[in-house]
Amino acid sequence: MKYMLLIHSDPTAGPTPGTPAFDKLLADYHQVTGDMKEAGVYVGGNALMPTHTAKTLRVRSGKRDVIDGPFAETKEALGGYYVLECPDLDAAIDWAARLPEVQWGTIEIRPVMEFG
Amino acid sequence: MEFMFLIRSGRDTDPYRLASTVDELGDAYRKAAAETSEAGTYLEGNALKHIGSATSLRVRRGRREYVDGPAADTDEQLRGYFVLECPDLDAALSWAARLPGVQHGSVEIRPIRAYD
Amino acid sequence: MHAGGPDLALRLAELLRHDRGRLLSALISGLRDFELAEEALAEAVEAALRNWQHTGLPDRPDAWLLRVARRKAMDQIRRRGRWKDRIPDLARLAQADQDDAAEPPPPIPDERMRLILTCCHPSLDPKSRVALTLRTIGGLTTAEVARAFVDQEAAMAQRLVRAKAKIRDAGIRFTIPEASDWEHRFSSVLNVVYLIFNEGYTASSGEAQIRTDLCEEAIFLARLLTELRPAEAESWGLLSLLLTTHARRRARADQAGQIVPIATQDRGSWDGDLIDEGLKALDRALVLLRPGPLQIKAAISALHVQARDHTSTDWRQMLLLYSTLLAYEPTDVVRLNRAVVLAETGALSEALAETERLGAALCDYQPYHAARADLLRRAGDLEGADSAYRRAIELSGTEDQRQFLEERLRAMMSESR
């Protein structure tokens, strides 16, 4: 089964870019991603630019409405994601528990639709 | 440039309830994948299962904390996503307007953070 | 041989109450699908009601139900589109069907441990875990589960549907967890059973009858867990705790329905058989040499039920147990309970000092103010006791609690004149 792991965190809560703690964060992610690939579960993943770079589009009665910013202001922002192929939810949870952000943020685990 | 397109909609416009069968939803995603592939922009795209199948995880003081549901109780929830290669934001916005479910909800466009 | 209409329905209901969990687990094990298993069993029950009118009860009614339920499930799978994906399931079901055709039919394997673990999966909302466990293992009807939570039946039905859909769609596997995960998952199960018992025991509202039934459901589940996993010390601890607690139920309220605290309970009305079974269960736990919080709580409860009266309770031992419990559950509530015991050992001022330290954290906790009121009264601080009683009365969730405290306050006031 495919699972999408969505990484949510307060941008001010994590380590600051440029600090050794931040470098460790990157290294940890690199490690986990490598382990996922080695385990054969990695399908995809990306880090996202911060929410202030977002644009949100809505279409109402054929009219496009674009606003600057994310779809809603939330305490935790979506910072990245993985898509993994796992045998069951417990396996997906175990991978989620290894992501650094799980310690101060939230990892949302969403099963992916697999169309027959 | 790579962009992520986060397709969201509210409770009443949950695509699972709007599509009369899962196949209809699958068709919509396949169509979008085909169109974007033809245009050379498609990288990734998936629909997610209904929000009731979501689990969120935090680890605090070494202990796992589970939430039966998404990370935040926002009106609009993530239903699916695409990752497309677009020359610029305007092109991204054009594509966003053609993605499945946009007429019922919103599409947040976020630049992908490029790492080496 | 020929069971009549209402009699048959009654016997079938009895059978289901007893065996539904086992039958459902065996089905889910083969089908990997909760909803399908439940539907198939329901159809088999309907078929039983129709057929057994004419043939009477079969020798092995449980085996009959399982066989028919499997066939109904296979029919369902074939009827639904995409049965090609279910070929492995169909093959497995067909094989099981063959095996069961033997005479006499083989015993139904007990897959209930897997079923309980699935129902108590931590990714499910705690209330849903309890509801699902009560419904599928406990054999309660949806209406009974709804009443236990003082919910509308429709809302409870929805909750159960959603929980089962999550199990299917999120890929919660119907399996015994890996060794590394076992303790965590098993304690989730123990916790659910404990919650069920507490729901029944600390009834905040609802009919008295369903409350006792819930306690008994919890005891049934706790017994089952010790049968399924006799090497788990904490299951024996849980069982012991529930038994010795439930043993005291008749003494908890007087003729007028007023709460009677353990200090003044009629110990003669305590259920001796449950106490015996509870103490034996604690022995079973302790020989396993795997200590845990439930065993400690069981030992605390055991000290109460072994005492001839309140004053001859071994408070020193209990104090030791509470101190040990703190290591597992370093919570303010445990600290409060420990302070109460501290007072019983004679260290009243130390106990009061401890409760003062807890004041900020437990300011909205009714039992805190009730306990503190009592300690202040004993220390002679009637003014302090008065405000504590009033605060406790304010925070009381039930009429019983309120009346009890008001009576205490009145008694204190009249004594002081």
Side-chain angles (χ1 to χ4, degrees), chain A residues 1-10 28 31-46 74-116, chain C residues 28-36 77-90 111 113-126 128-129 132 161-189:
Chain A
M1 283 185 64
K2 285 205 182 67
Y3 294 88
M4 187 174 193
L5 272 52
L6 295 152
I7 302 165
H8 302 271
S9 64
D10 180 343
D28 288 342
Q31 176 72 50
V32 174
T33 309
D35 290 346
M36 286 171 174
K37 287 176 176 164
E38 215 178 290
V41 304
Y42 181 87
V43 174
N46 274 304
T74 50
K75 208 174 63 155
E76 292 187 330
L78 178 65
Y81 73 94
Y82 283 95
V83 176
L84 307 179
E85 175 72 53
C86 296
D88 56 37
L89 180 62
D90 283 320
I93 288 172
D94 284 344
W95 283 110
R98 292 189 51 188
L99 299 178
E101 245 98 345
V102 81
Q103 306 286 340
W104 65 86
T106 308
I107 313 295
E108 182 177 331
I109 301 157
R110 298 287 306 271
V112 172
M113 276 301 298
E114 296 186 76
F115 300 109
Chain C
I28 294 173
S29 181
L31 294 170
R32 315 283 159 91
D33 188 332
F34 248 86
E35 289 275 24
L36 182 58
I77 292 172
R78 284 193 210 99
R79 264 204 298 274
R80 295 178 184 180
R82 298 221 198 94
W83 62 269
K84 286 180 291 231
D85 301 331
R86 309 297 296 267
I87 286 176
D89 293 331
L90 284 169
E111 303 279 26
M113 196 65 240
R114 288 207 231 180
L115 184 55
I116 298 173
L117 284 161
T118 306
C119 291
C120 297
H121 196 277
S123 72
L124 295 170
D125 177 64
S128 299
R129 289 181 231 168
L132 205 53
V161 164
R162 278 195 224 112
K164 285 177 274 181
K166 173 150 185 185
I167 289 172
R168 180 193 62 224
D169 295 335
I172 293 173
R173 210 148 59 155
F174 183 74
T175 187
I176 304 291
E178 308 276 296
S180 56
D181 236 0
W182 171 261
E183 205 179 309
H184 169 64
R185 292 289 303 279
F186 192 67
S187 37
S188 177
V189 171

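Below, each value reflects all heavy atoms present in this structure, side chains not excepted, and no hydrogens, waters or symmetry copies. Numbered from 1 within each chain, the chains take letters A, B, ... in sequence-line order.
Expressed to the nearest 0.5 Å, how far OG of C:S123 lies from CG of A:L89 amounts to 5.0 Å. Taken to the nearest 0.5 Å, the CG atom of C:D169 stands 11.5 Å off from the CZ atom of A:R110.
Neither the backbone nor the side chain of A:I109 comes within contact range of chain C; no heavy atom of the residue lies under 4.5 Å from a heavy atom of that chain.
Heavy-atom neighbours of chain A within the stretch residues 171-179 of chain C, taken at a separation under 4.5 angstrom, comprise C:G171, C:I172, C:R173.
Smallest separation of non-hydrogen atoms from A:P111 and C:A170: CG-CA, 3.7 Å.
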